[in-house]
Colleague: 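Structure below; questions to follow.
Nothing here was measured: the structure is a model prediction, and the numbers come from that model.
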Amino acid sequence: MSKLGTLGARLYRGEVGYDFVGKRKIWYGISILITITAIVGLAVRGLTMGIEFQGGAVFTTPKTSATSAQAEDAAQSASGHDAIAQKLGDGTIRITIGGVDTAKSDQIKTELAKDLKVQANDINADLVGPSWGETIAKKAWTGLIIFMILVVIYLAIAFEWRMAVAALVALIHDLTITVGIYALVGFEVTPGTVIGLLTILGYSLYDTVVVFDGLKEGQKGITKQTRFTYSEMANKSLNGTLVRSINTTVVALLPVAGLLFIGGGVLGAGMLNDISLSLFVGLAAGAYSSIFIATPLVADLKETMPEMKALKKRVLAKRAAAAAKGETEEQQDAAPFDEDDDSETAGAVVGQRRQPSRNNRGKRR
């Protein structure tokens, strides 16, 4: 078995683990800081909208020896507007200019041909009106709202409303971070970006559901034992699915990274670059939120329940009594279960095989 597989097995059995839930205030602080930075960047710098949303023209030149910087200078000089030029893998150049109408596009094409030393007829010009972008944006917002509503309903039915709330917070967290990075770095927002943003919601939700499924199994009958609080049980469940979550994220990120760094960076793959960029940022944020945000938030919400508060008091009281007797944690684990611990769940939470109590052994005799 590989080292990662061995680690996963030990995490699942509860032999090793990291206290994610116990250190949740640290993760909350980091997430709040990142979110505030993203919101400030969005408010101050705003999003760089592509011509599909603000209207303009896209010029595609034939294969040329000119650089993207030369093409940008020529386009800005010809149009009087800011331009973005991208050198594609086949030697052609894609130039986008916002706020250009049909009458001016022919003049820009002529001047570009002179500066780049190509034939004007070989330059392809596509004009985009802002109304098309507005329609796409409205449909994206509608799809996002419907998706969020369906997610909350499904998770409330499949799990419980507290998990649904935690998953919704994690999704909003992922979207805010991704959009904030676009604003801070100045990435252009295109229809491909919108597609990528809507796609990452599914990936982020999948990671969260995987963790919640283990949490749902671990919490069965938890109030019938006095070894673990809900937060401790949630942390054990999270550690049990940690390697699976990491493997899922890495496998998803590898092809996206290939599209982004090879397809977009080397070959200049246009819309593929836009989609892969939002996917890469969103997948990383989704993996973080499912581990560091969603599960700790569920633990916080659950421990406001009266039965979970009572469980925590019993667990702490039992530990205090054991400490007063000078018993170590290993001695407590080796001791027979009390009457409240006589449930299958207690053994499932610990991740070890239950031993029958002395009273039960006497009855079987």
Colleague: Have Ser77 and Glu111 got a donor and an acceptor in their side chains that come within less than 3.5 Å?
Modeller: no

Colleague: What donor-acceptor contacts under 3.5 angstrom involve side-chain atoms of residues 145-155, with partners at least two apart or in another chain?
Modeller:
none

Colleague: Is there a donor-acceptor pair closer than 3.5 Å between any side-chain N or O of Gln119 and the backbone N or O of Asn121?
Modeller: no

Colleague: Could you pull out all residues at least two apart from Lys302 that satisfy side-chain hydrogen bond (donor to acceptor under 3.5 Å, both in side chains)?
Modeller: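 Once residues adjacent in sequence are excluded, the partners of Lys302 under the side-chain hydrogen bond (donor to acceptor under 3.5 Å, both in side chains) criterion are Glu160.
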
Colleague: Under 4.5 Å between side-chain heavy atoms, hopping through other hydrophobics if needed: is there a path connecting Val185 to Ile36?
Modeller: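 Val185 does not cluster with Ile36.
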
Colleague: With Leu253, which residues qualify under side chain to side chain contact (heavy atoms under 4.5 Å, CB included), at least two apart?
Modeller: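 Expected list: Thr249, Phe280, Leu283.
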
Colleague: Leu112 pairs by side-chain contact (heavy atoms from CB on, under 4.5 Å) with which of Ile95, Thr61, Val118?
Modeller: Ile95

Colleague: Would you confirm whether Arg319, through its side chain, and Arg227, through its main-chain N or O, come within 3.5 Å as a donor-acceptor pair?
Modeller: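 At least one qualifying donor-acceptor pair exists.
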
Colleague: Treating Ile, Leu, Val, Met, Phe, Trp and Tyr as nodes and any side-chain heavy-atom pair under 4.5 angstrom as an edge, say whether Val21 and Ile32 lie in one connected cluster.
Modeller: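 No, Val21 and Ile32 fall in different hydrophobic clusters.
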
Colleague: Please answer whether the main-chain N or O of Gly214 pairs with a side-chain N or O of Glu217 as donor and acceptor at a distance below 3.5 Å.
Modeller: no

Colleague: Measuring only between side-chain heavy atoms, which start at C-beta, is Lys312 closer than 4.5 Å to Tyr230?
Modeller: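 Sidechains of Tyr230 and Lys312: no contact.
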
Colleague: For the CG atom of Leu297 and the CZ atom of Arg24, what is their distance to the nearest 0.5 Å?
Modeller: 10.0 Å

Colleague: Taking ILVMFWY side chains as joined if any heavy atoms are under 4.5 angstrom apart, and letting links pass through other members, which residues group with Val210?
Modeller: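 Members alongside Val210: Tyr206.
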
Colleague: Which ILVMFWY residues can you reach from Ile39 by hopping between side chains whose heavy atoms are under 4.5 Å apart?
Modeller: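 Its cluster partners, ordered by chain and number, are none at all.
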
Colleague: What distance separates Leu42 CG from Thr176 OG1, expressed to the nearest 0.5 Å?
Modeller: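 Here the interatomic distance stands at 9.0 Å.
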
Colleague: Could you go through Ile26 and Phe292, starting from their C-alpha distance and side-chain angles, then the distance that decides it, and tell me whether this counts as side chain to side chain contact (heavy atoms under 4.5 Å, CB included)?
Modeller: CA-CA 9 Å; Ile26 297 176; Phe292 296 97; over 6 Å; no

Colleague: Counting distance only, does the side-chain N/O of Asn239 pair as donor-acceptor with the main-chain N or O of Asn235 below 3.5 Å?
Modeller: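 Side chain of Asn239 to backbone of Asn235, a donor-acceptor pair under 3.5 Å: yes, one is there.
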
Colleague: Does any part of the side chain of Phe228, heavy atoms only, come nearer than 4.5 Å to the side chain of Ile222, both counted from C-beta?
Modeller: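 No - every pair of side-chain heavy atoms lies 4.5 Å or more apart.
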
Colleague: Got a second to check how far Leu175's CG is from Thr35's OG1, nearest 0.5 Å?
Modeller: 11.5 Å

Colleague: Any donor-acceptor pair under 3.5 Å linking the side chain of Thr295 with the backbone of Ile291?
Modeller: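 Judged by distance alone, no pair lies under 3.5 Å.
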
Colleague: Return each pair, listed once, that meets ring-ring contact (aromatic ring centres under 6.0 Å, His included) where at least one residue sits in residues 302-325; pairs must be two or more places apart or across chains.
Modeller: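 Those involving residues 302-325 do not exist here.
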
Colleague: Ignoring hydrogens and geometry, is there a side-chain-to-backbone donor-acceptor pair from Glu72 to Ala85 under 3.5 Å?
Modeller: yes

Colleague: Please state whether the rings of Phe212 and Phe159 are parallel, tilted or perpendicular, taking 30° and 60° as the class boundaries.
Modeller: perpendicular

Colleague: To the nearest 0.5 Å, what is the distance between CZ on Arg162 and CG on Leu215?
Modeller: 12.0 Å

Colleague: Is a side-chain donor or acceptor of Ser290 paired with a backbone partner of Ala287 at a separation under 3.5 angstrom?
Modeller: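 A pair under 3.5 Å: yes.
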
Colleague: Do Leu116 and Ile123 have side chains that approach each other closer than 4.5 Å (heavy atoms only, starting at C-beta)?
Modeller: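 SC-SC contact between Leu116 and Ile123 ruled out.
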
Colleague: What distance do Ile34 atom CD1 and Tyr288 atom OH have between them, rounded to the nearest 0.5 Å?
Modeller: 5.5 Å

Colleague: Does Arg314 offer a backbone N or O that forms a donor-acceptor pair with the side chain of Thr226 under 3.5 Å?
Modeller: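 Such a contact is absent between Thr226 side chain and Arg314 backbone.
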
Colleague: Distance check, rounded to the nearest 0.5 Å: Ile177 atom CD1 versus Ile172 atom CD1?
Modeller: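 If we round to the nearest 0.5 Å, Ile177:CD1 and Ile172:CD1 are 12.5 Å apart.
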
Colleague: Under 4.5 Å between side-chain heavy atoms, counting indirect links through other Ile/Leu/Val/Met/Phe/Trp/Tyr residues: same cluster for Tyr182 and Trp141 or not?
Modeller: yes

Colleague: Side chains of Val189 and Val179, heavy atoms from C-beta outward: is any pair under 4.5 Å?
Modeller: no

Colleague: Measure the shortest side-chain to side-chain distance between Thr37 and Leu184 over non-hydrogen atoms and say whether it is less than 4.5 angstrom.
Modeller: yes

